[in-house]
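Reviewing the structure listed below.
Basis for what follows: all heavy atoms, side chains included, without hydrogens, waters or symmetry-related copies. None of the values given here were measured: they were computed from a predicted structure.
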Amino acid sequence: MGTIKLNPDNLKKKIKGLRDKADEAGRARASIDRESENLGDPSPSKAVDTFCNNSATHIDNVRSCADRIESEMNRIIELNQSGVAKMDGGTITVENVPDTVLKGGKKEFDTWSQGALDAKDLQTIAKGGTPKSGRSYDEVTTSMSTYKDNTSYSVGLINTIGPENLTQLPLDAEDTFGRGSNSANSKTASAYLRSSALTDLLGACLATASTTWSDKESQEAANKIVGSVNSKGHYGRITVLNAILDGNDADHDHIDDLKFDKTFLVEMAKGLEKIDPNEVKKYYGYLNSHNTNLKSLGRDYVGKYLTNQSRDPLSGVLSAMGNNPDAALDFLAPQGIHPDGTPGADTTRLFDLSKRDWDEAGLSGFTAAIAAGSSKRSGTEGATRADDLSGFSIKYLVDNTNKDLYNDDTKAHIGQLLANCAPEVTNAWVEGGVYDPKTRKYLPGFQPSSNGDLSHYITDLAYTVADNEDATGTIAAG
């Protein structure tokens, strides 16, 4: 990160000096050209013509340089006017400019600064104000949609908003655009649609920005986001975070389209799992209480929230892991030791999460992460842990999860899990025994024991998702 300092008054004088010199050179060039013409262009080598052509190019280059410097100066002035930069004693200071932007030239700086300007305008509009740019909410979000996949833009936007402020923005937007808790009019519908669209855009920009972060920056951003939803009056922001992380599936393949940084997802999940989901549910329950004291207490702890979103702290981040197998594997099956002393996965967290009192969306996120992590079986790095994750997930899902909560996404994820274990699944149905017939290696958790053949786990889980075409098609394709 770097800092830009600018004194606009001094630079304006320099820019004027450049233009004055260009104008002076232009007049001299014209005078030489006229004199040569008056003398009948006496140079046989056309030296004057060559000089006039070349000098015209250089003069134009100086003027273009002055225009470019003025454009960048005006952008910095705009950053100061919007509150992104600060002025002290006539000098504007722009802090926390990424090194890639400083080295990237005008285009890179313009794109980054556009993200910063959009962030400030968005915050102002969401709180009911009018930005100094005069732009509307739709104009700002159109800009976000245009640049959401650009790393410089997204870093400018996310850093200016502040990761700790992301989950409040859609709530502010709902209030500003007329969403009321007891109203059901067209204004309410419009406000809901706008806040939903905003969470999608914030998610896209957050994902893009996260791909540029170092491990330290990812951890810092994750900690700030976790802190923003884990305090009295802000449990409702969990619904916003889930919408930001799990609001994009344009191709309807049951997997989040967004690709977040691995460290960012893992560190955020570690922080979010420390939030007691039962405490969150308790305060939400108070909102429906007939006891006015309890109802008030619920409001004090929950605050504003989005309807139709999961209230489980882990729902969104696990869903996002569905598109990041490395993050899913590192979180659900971190490095551990098998009972025989060989390296493998620690499945303690996997077991605990399988017994969690999930809501429908939360269970879908959990199975999305499982399916993603199990896909690492076919790789070289983490394959042993992915084997452990796959085998024990099948058992834990059958033993511990509520099948009534299996929606189409969850069933599709389970179908992918079983497809990732195709040799063992096929053998369980054909020969009996959950092992790969080529290697004779059992899927972890399914070794022969006093409990007899455990193939029924495969059958039970497959039967549960048999009414979903995506799940059965994936299993069949293996």
Side-chain angles (χ1 to χ4, degrees), residues 115 118-119 121-127 137-149 153-154 157-179 181 188-210 221-222 224-226 228-230 234-252 255-260 264-265 268-269 272 302-323 359-362 364-365 368 409:
D118 286 352
D121 284 358
L122 179 63
Q123 289 177 304
T124 300
I125 295 169
K127 292 178 180 178
Y137 176 83
D138 289 339
E139 287 174 322
V140 174
T141 53
T142 296
S143 178
M144 292 174 66
S145 181
T146 299
Y147 293 106
K148 66 182 185 297
D149 297 323
Y153 174 88
S154 295
L157 182 102
I158 297 300
N159 287 355
T160 302
I161 292 174
E164 68 277 13
N165 298 318
L166 288 172
T167 55
Q168 185 60 37
L169 265 177
L171 298 173
D172 289 341
E174 274 202 344
D175 279 353
T176 295
F177 295 117
R179 180 166 174 75
S181 59
T188 296
S190 174
Y192 176 76
L193 290 174
R194 284 184 166 189
S195 65
S196 296
L198 179 57
T199 58
D200 288 352
L201 288 171
L202 290 174
C205 291
L206 180 61
T208 301
S210 75
K224 288 178 180 179
I225 291 174
V226 171
S228 75
V229 304
N230 186 24
H234 297 315
Y235 280 156
R237 291 179 179 177
I238 291 171
T239 61
V240 182
L241 179 58
N242 288 334
I244 287 173
L245 297 174
D246 183 30
N248 294 266
D249 182 19
D251 54 4
H252 305 293
I255 299 173
D256 193 338
D257 297 334
L258 303 179
K259 184 74 171 182
F260 292 89
F264 173 66
L265 289 178
M268 185 158 52
L272 292 170
V302 173
K304 301 174 185 176
Y305 62 95
L306 295 180
T307 58
N308 302 321
Q309 291 294 336
S310 175
R311 300 166 181 177
D312 191 292
L314 283 174
S315 176
V317 69
L318 287 176
S319 180
M321 287 182 182
N323 196 21
D359 57 23
E360 191 175 283
S364 172
D409 287 335

Quick check: do [X] and [Y] have side-chain heavy atoms less than 4.5 Å from each other?
X    : Y    : result
T208 : Y147 : no
L318 : M321 : yes
L198 : M144 : yes
D121 : Y137 : no
V240 : L202 : no

Practice task
Answer with yes or no whether the side chains of D359 and S310 bring together a donor and an acceptor at under 3.5 Å.
Solution key: yes

Handout entry: Under 3.5 Å side-chain donor-acceptor pair for S143 and D118
Key = yes

Exercise for the section: Could you pull out the closest heavy-atom pair between A126 and L169, with the gap in Å? Expected result: CB-CD2, 3.8 Å

Rounded at 0.5 Å granularity, tell me how far [atom1] in [X] sits from [atom2] in [Y].
X    : Y    : atom1 : atom2 : answer
I244 : L206 : CD1   : CG    : 7.0 Å
S228 : I238 : OG    : CD1   : 9.5 Å
D172 : T167 : CG    : OG1   : 10.0 Å
D409 : D256 : CG    : CG    : 10.5 Å
M268 : I225 : CE    : CD1   : 5.0 Å
N242 : L272 : CG    : CG    : 8.5 Å

Exercise for the section: Kindly check if the number of other-residue, nucleotide or ligand heavy atoms within 6.0 Å of NZ (K127) is above 12? Expected result: no

Out of [options], which one pairs with [X] under the side-chain contact (heavy atoms from CB on, under 4.5 Å) rule?
X    : options          : result
F260 : N323, L245, V317 : L245
Y305 : R311, R237, H234 : R311
L166 : L241, I158, L157 : I158

